[in-house]
Structures are given as structure tokens and as C-alpha cells.
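Below is one structure, written out as C-alpha cells; comments come after it.
Note that this is a predicted model, so its numbers are computed, not measured.
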Amino acid sequence: MPLAGGKLLNPAQQAAVTYNDGPLLVLAGAGCGKTRVITEKIAYLIAHKRVEPAHITAITFTNKAAREMAQRAGKLVRLPGDERLNVSTFHSLGLRIIREEIRHLPYRHGVSIFDATETRQVLQDLMPAGISKEQLNQLQWNISGWKNAALGPEEVTANNPLHAEIYRQYQQQLLDYNALDFDDLILQPLKLFARNADALLRWQARMRYLLVDEYQDTNASQYRLLKYLAGMHRRLICVGDDDQSIYGWRGAQPENLSLLKADFPELKVIKLEQNYRSTSTILKAANAVIRNNPHAFEKKLWSQLGEGDPILIRRYDTPEQEAEKIAEEILRRVTLGTNRWSDFAVLYRSNHQARVMEQVLRAKNVPYQISGGRSFFDFSEVRDLMAYVRLLCNPSDNTAFLRVVNVPRRGIGASTLSKLAQLAEKHHMSLLKACQKADITGLLPPRPAASLQHFAEVIRRYRSRMVTDKGHVILEDLIEETDYRSWLLQNARDKAGKQRKAQLVNDFLDWMHSLSDAHNGQLMEMATQITLLSTREKDNDKADAVRLMTLHAAKGLEFKRVYLIGVEEGILPHKNSLEEGNVAEERRLMYVGMTRAERELVISWVKKRKNRFTSSEVIKTGPSRFLKELPQELCQGFGIDGPRQTPSYAREQLAKMRAELGLAKK
């Protein structure tokens, strides 16, 4: 059936796109065209069912995925006038609800959003003296987990009274700052809908069709939000794959698939099982591995792309030998012209496994790219400028104030800030507002008091320009007046450092300019986008380079030839997961890695490796249990028990190598 895209859909895809009678679960296997189903569904509803775009909401997990989905759907259907598709992340939707319903929440207009670093600082201030870094990490992790499970401080008191009390204080502190953390963007709408029936009805009326991508990655609070929003029309369309649920460590619950069936008894289930990416051999092997996990719904991927080559299983003595052989093979294939660098991906369970591979590739001048490098938003210069923007938009943002009040240096030390905090607490006001109190001159020496007053006046003046001037112009002028650039250059270690710092400021201002164009110059809107987009997301680089990445980062990608390295007990499955009894998610990681391969899959393990914590110790390793789950007839090479290589396969490989070298058969 050709729909808006003009291309034929297979029968399962067609059924998913045209089903319109109630809640729907599209169980979409890897490489089965799930994104196309969502975009075609949006176009079908608008073009064929005459549904208003405003009554369709699509939700995914990353800003990048949301942009791509909106672009693809926008190409399939022409919207009237200046209408736009409602495609967003869960967090963006939550923020939209909060902003529109702010009068029904205990927050004020101009609410700030704290990132992980800033929430950590708030928690650190609340913790008892002598707290260790590990304890602080655990507390931050616990609070995020409680929020993702939609639990408030009063509901976790019995388990950990101290952490529950700090959780309560932390929430009160955020409220005093007029700030939210990222988990609140889901939790606060849940609280709103639980106690305000009118607000719930308003939002349910809008959500006549609610489409959710990557449904298997939803956590408890996200699922509750979906239940609320779909409660009136019950046209909830969820697309996902329980076999690719690999984010349990951040709260994702694959069991939400079963909850969906229980909460929506009329649920229709459609399975997408035809894979358009991989050969039959790769899919049969992946099916065999994942079959060992429990399933709420069974499915089996298949392909019309032919059987393809056997899966190669390789054993090496050390990670160094593993990296050398892989690099040599990639180099040979590219030199012969049979492949490009970007045809290859090296996948691994943990980031530390990339070190040896990176060293070898660099030594051989093989271009490579590691996914997950340092984010633009992690640089201190960028965080300074973001804090200035946030303080301009929310003068109650004490975290932003503390970051920039002495950037550039204004002679304001810890003692001064401590006394300022006491003054702010005494008058129940923000630190910035306390700078303007008359009694500050009696509390502090003249010089720091004058510096604080001057800083507050500068912020006040630039805030007053937010009504008339564009956001990027305000920031550019503020940088100029504070002499921020010169201060950065004076504190750079060398010429290269000066260039890097200057470029970071320029890049940030260029980005602000583009945001200004997109949001009519409104600094408040720009500040919201800055916070949402400063999460660690990166577009896939299209450069011709070998890709190195973790299995988590590889989800959603595909490559002609995949090397899955370090497939050993204690690594994949990971030691921590084994101790926690969570082998099922590790098996899903193995499945995700295997199904990234289009034509060729090479899986390797090593006999010994150095302990990464004490490099002098050598650890004997063994093959992963997942290798035993691979059908022997689909594999060639050195397996768990010894060589797996038939004479016919050896002859085929020799013939292939001779063909690559351009040698005539003799």
C-alpha cells in the first residue's frame, strides 16, 4: 500500500499505519522500519482521517530523534498555514505542561532547570559534613530513581530515613530557587494531574492520538504520564522492542509492555518482524541468543537479503593482539578499495575497552571516531555563559549566581559569599536580591560590598532589556561589558588554550544567534532550549572514519561490518550485572550489538587481559556464555571449544581474498 511516502509498506507496516480503533502496540524488531511506521501514521491520520495536527502528539527520547521524526513526517504531509507537528521528547512535553499550568503549581514564571552538576551542588550543601563522593553519588542516584518511579520523600522514608529527609529538603530547596531538575519535568505534571482534574481534562482533550517511540525505554513515571494523557480517547500508539531494552540502569522498564496490556485490555498488537538491514544468518543467530530471555510477546526476525556470510568467532591471546588484527583487516580492505572506513564499527561493553583499539588505530593512521567524547556543554566557558543566561531569566537561580558572581574575578571570596548567604536567608530572598539590600554595606567591607552591588546592577540593567532587545544581542553586550573574553585569555595556559577558549565563546554566541532567530529573540525561550539541548546528545558524524562505541551508544545505528570485541564472562555479561542477577539485559546488549551488522559480523574474545585498576595484574578470561547460545552451523572460526572452520568455508575465504587482490584463479 503506497501512502504519503509513495513507497510500498509491507502488510504488517500497513496494518500498523491504518489501525485506528483503539490502543495499539507495534512490536518492532531491529531494522524493521519502526520510524517509518510512526511518520507514515502521522501523515495517514492527517491526510486520510482528517485529524487536526494539534490533536496528534508524538513522543520520543532525544531531541535529535524528535527533530528527525518531525522532519520526516513533515515531508509526507503538507500542513496548512504555520501549523507545526507536535513532536517532542518526554521532558520537553513535561516542561510544556508545567509552563502552561504554572498557576496551578507551586512555582513562578521563569522557572529554571538544573542539570546534574547543579543538583549535585544543592545536595552537597544539604549533606552532613564529611560526606564522601561515593555517598553523594549514591544519594543523587537514589533521588533520581525515586522520581523516575514516581515516589515522593514520604513514600521512601521507611527504606532510608536520612536520604528521604535530604530528598525532602532538596525538593524544598528547588522550590525556593524556583527551579526543577530533569526528573521533575515528568514528576510535577504527574502531581498536577493527580490533584487537578480540570488540568487533566484539558490535556486529555488535546491528546486524541498519542504516539510513543522507543516505548521499551519508558520508566515508571513516564508510563504513568502516558496513562493520564491517553485516558480519555485511549488512542495510544506505542512502538518498541522489548529485546532492545538496554537502559535498566536509568529506570527503563521493559515490563511496561505487560502493563500496557493490563491497563488497556482492548490493546491491539502488531509485530514487525521483516528486517531490512541484516542477512538471514545474522538474524538467525541473534534470534537464537535472545530466545533465552523471557518475553511478554514472542517475535522472530527474518530477512529477504539472503543467507550471507557465517558469523566469525575469533579468539586472541590479549586485547593488544585483538586490536592489531582488527586494525590490519580494516586497513587491508580499505586499501584494496572493497570498503570505506565508515563501513566498519568496533563495539564494546565498556568505554575502557576502547583504549587499546584507539592506540592501534592511531599508530596505523586509521581514521576513527569515538562516540561519547567530551560534550561542548561540559566546557567551563560554555557553562559560565549558560549560567549568565539563566540568571538573567531567573534572578532566583542561586546556583547560576554562584557560578558567575566572580567570573570574571571581582574580588568576591568564600567569606563574602557566606555572609551574603546569611543575609539572603535572614530576609528569605535570593542571593542576587540580597546584593541590593541596604544593610549589605554594614555586613561586608566596602570593596566586596561595592562589587556585589555593581554585579547586581549589571544584571538588573540587562534584564530590563529583555523586553526590547534580542537575546543574543543582550548576551554579546554583557560579555563585552564584563570583559569576559579578555579574562579568559589572561587565564589560558598557552596559545592553543587561548584559541580554544576564544573559539568556545564564539561558537556559543553563534548558537545563541541561531536560537534567537528560531525563537523571535526571546531570551526566556532561548534559555529553555539551552537547558533542554545541553543534555549529552550528539548528531552522528558523517565523516569517513571507523566508529568506536559502546553497545549502548550503538543502538539505532547500522554498519556493513561489525566487530564485537571482548565478549567474555565478566565483560559481556558484565560482572556487576552477574552479581545483580541481571543477565537478561546483558543478553539484550549482545542482541543489539549483533543486529547492528548489515552483512558481516565478527565476534572476538581474549584469553587474558590486564586488570584496568592495577595494570600490573594479568587476569585470565573466558568466553561469554552468550557464545554458547550461538548456533554452531551459523558460525566459523575459533569458538569456545576449538576451531570451527569447515574445509569448504576455508576455500571460500581463500577465493574471496584472491578476488580482492585481483588474482586470477589458477
So, does E358 use its side chain to make a donor-acceptor pair with the main chain of R355 at under 3.5 Å? no
If we only count heavy atoms from C-beta on, is the L475 to L509 side-chain gap below 4.5 Å? yes
Could R460 and E457 be called an ion pair, given the rule that one side-chain N must be under 4.0 Å from one carboxylate O? yes
Can a salt bridge be assigned to the pair E381 and R500 using a cut-off of 4.0 Å between side-chain N and carboxylate O? yes
Given side chains that start at C-beta, do those of T482 and R410 come closer than 4.5 Å, heavy atoms only? yes
Determine, stepwise, if the pair E586 / R349 fulfils salt bridge (Lys or Arg N to Asp or Glu O under 4.0 Å). CA-CA 9 Å; E586 295 294 303; R349 175 62 177 85; 2.8 Å; yes
Distance check, rounded to the nearest 0.5 Å: I166 atom CD1 versus Q140 atom CD? 12.5 Å
Between I59 and L226, is there a side-chain heavy-atom distance shorter than 4.5 Å? yes
Could you tell me whether the side chain of N178 reaches within less than 4.5 Å of the side chain of S112, counting heavy atoms only? no
Does any non-hydrogen side-chain atom of I479 lie less than 4.5 Å from one of R485? yes
Could you tell me whether the side chain of I459 reaches within less than 4.5 Å of the side chain of R463, counting heavy atoms only? yes
Strictly distance-based, threshold 3.5 Å: is any side-chain N or O of E585 a donor or acceptor partner for the main-chain N or O of N582? no
Minimum heavy-atom distance between K498 and L489, given as atom pair plus value: CE-O, 3.3 Å
Minimum heavy-atom separation for I440 and A434, please, with both atom names. CD1-O, 4.0 Å
Evaluate side-chain contact (heavy atoms from CB on, under 4.5 Å) for D469 paired with Y462, printing each intermediate quantity in order. CA-CA 9 Å; D469 293 354; Y462 281 93; over 6 Å; no
Should the heavy atoms of other residues, nucleotides or ligands under 6.0 Å from CD of Q436 be counted, would the total exceed 12? yes
Going through the distances and angles, do R96 and E101 end up as a salt bridge (Lys or Arg N to Asp or Glu O under 4.0 Å)? CA-CA 8 Å; R96 180 180 160 203; E101 303 290 343; over 6 Å; no
Do you know the tightest heavy-atom contact between L431 and A421? CD2-CA, 3.7 Å
Minimum heavy-atom distance between L192 and I97, given as atom pair plus value: CD2-CG2, 4.1 Å
Atom NE2 of residue position H109 - does it have more than 12 heavy atoms of other residues, nucleotides or ligands inside 6.0 Å? no
For the backbone of T218 and the side chain of N256, can you confirm whether one donor and one acceptor N or O come within less than 3.5 Å of each other? yes
Starting from the C-alpha separation in whole Å, work towards a yes-or-no answer on salt bridge (Lys or Arg N to Asp or Glu O under 4.0 Å) for R168 and E165. CA-CA 5 Å; R168 186 193 65 76; E165 173 57 22; 2.6 Å; yes
Supply the atom-to-atom distance R120 CZ to L139 CG, rounded to the nearest 0.5 angstrom. 10.0 Å
Does either side chain, that of D384 or that of Y484, offer a donor lying less than 3.5 Å from an acceptor on the other one? yes
For Q171 and K147, which I'm curious about, is there any donor-acceptor pair between the side chains at under 3.5 Å? yes
From CA spacing to verdict: ring-ring contact (aromatic ring centres under 6.0 Å, His included), F401, F455: CA-CA 10 Å; F401 173 92; F455 176 75; 5.7 Å; yes
Nearest heavy-atom approach of R224 to A150 is NH1-CB, 3.1 Å
What's the verdict on side-chain contact (heavy atoms from CB on, under 4.5 Å) for L175 and Y107, showing C-alpha distance, side-chain angles and the deciding distance? CA-CA 7 Å; L175 188 61; Y107 297 92; 3.6 Å; yes
Working to the nearest 0.5 Å, report the span between CD of E525 and SG of C393. 9.5 Å
Apply side-chain contact (heavy atoms from CB on, under 4.5 Å) to the pair V473 and R465, showing each step before the final yes or no. CA-CA 10 Å; V473 175; R465 292 175 52 181; 3.8 Å; yes
For the CD1 atom of I113 and the OG1 atom of T119, what is their distance to the nearest 0.5 Å? 12.5 Å
Would you check, one step at a time, whether the test side-chain contact (heavy atoms from CB on, under 4.5 Å) holds for L452 with I412? CA-CA 8 Å; L452 288 173; I412 300 169; 3.5 Å; yes
Which heavy atom of K426 sits nearest a heavy atom of D439, and at what distance? NZ-OD2, 4.5 Å
Where do N576 and E580 land on the side-chain hydrogen bond (donor to acceptor under 3.5 Å, both in side chains) test, with the steps shown first? CA-CA 6 Å; N576 292 346; E580 296 165 2; 5.7 Å; no
Do the ring planes of F61 and F90 sit parallel (below 30°), tilted (30 to 60°) or perpendicular (above 60°)? tilted
In Å and rounded to the nearest 0.5 Å, what is the CG to OG distance from L187 to S221? 7.0 Å
Quick check: do N63 and R67 have side-chain heavy atoms less than 4.5 Å from each other? yes
Give a yes or no answer on whether the side chain of Q135 reaches the backbone of S132 with a donor-acceptor pair at less than 3.5 Å. yes
Taking NZ, NE, NH1 and NH2 as the nitrogens, is one of them in R588 or D242 under 4.0 Å from a carboxylate oxygen of the other? no
Quick one: does any side-chain atom of Y348 pair with a main-chain N or O of M549 as donor and acceptor, under 3.5 Å? yes
Output yes when a side-chain donor or acceptor of N491 lies under 3.5 Å from a complementary backbone atom of W487, and no otherwise. yes
Do the side chain of D181 and the main chain of D184 share a donor and acceptor less than 3.5 angstrom apart? yes
Check E100 with R202, please: is the shortest side-chain N to carboxylate O separation under 4.0 Å? no
Any donor-acceptor pair under 3.5 Å from E481 side chain to L478 backbone: no
Looking only at atom types and distance, does a side-chain atom of Q204 sit under 3.5 Å from a main-chain N or O of Y228, one as donor and one as acceptor? yes
Tell me if a side-chain donor or acceptor on N520 pairs with a main-chain N or O of Q522 at a distance below 3.5 Å. no
Between Q121 and D125, a side-chain donor and acceptor under 3.5 Å: yes
Compare all side-chain heavy atoms of Y177 with those of Q172 and state whether any distance is below 4.5 angstrom. no
Can we say E476 and K470 salt-bridge, meaning some charged N sits less than 4.0 Å from an Asp/Glu carboxylate O? no
Under 6.0 Å from the CZ atom of R447, do we count more than 12 heavy atoms belonging to anything else shown? no
Parallel, tilted or perpendicular: ring planes of W511 versus F508, cut at 30 and 60 degrees: perpendicular
Between D263 and Y223, is any side-chain donor less than 3.5 angstrom from a side-chain acceptor? yes
Verdict with supporting geometry, K555 and E214, salt bridge (Lys or Arg N to Asp or Glu O under 4.0 Å): CA-CA 11 Å; K555 185 171 174 288; E214 304 288 4; 2.8 Å; yes
To the nearest 0.5 Å, what is the distance between CG (L93) and OG1 (T60)? 12.5 Å
Under 3.5 Å side-chain donor-acceptor pair for T89 and S92: yes
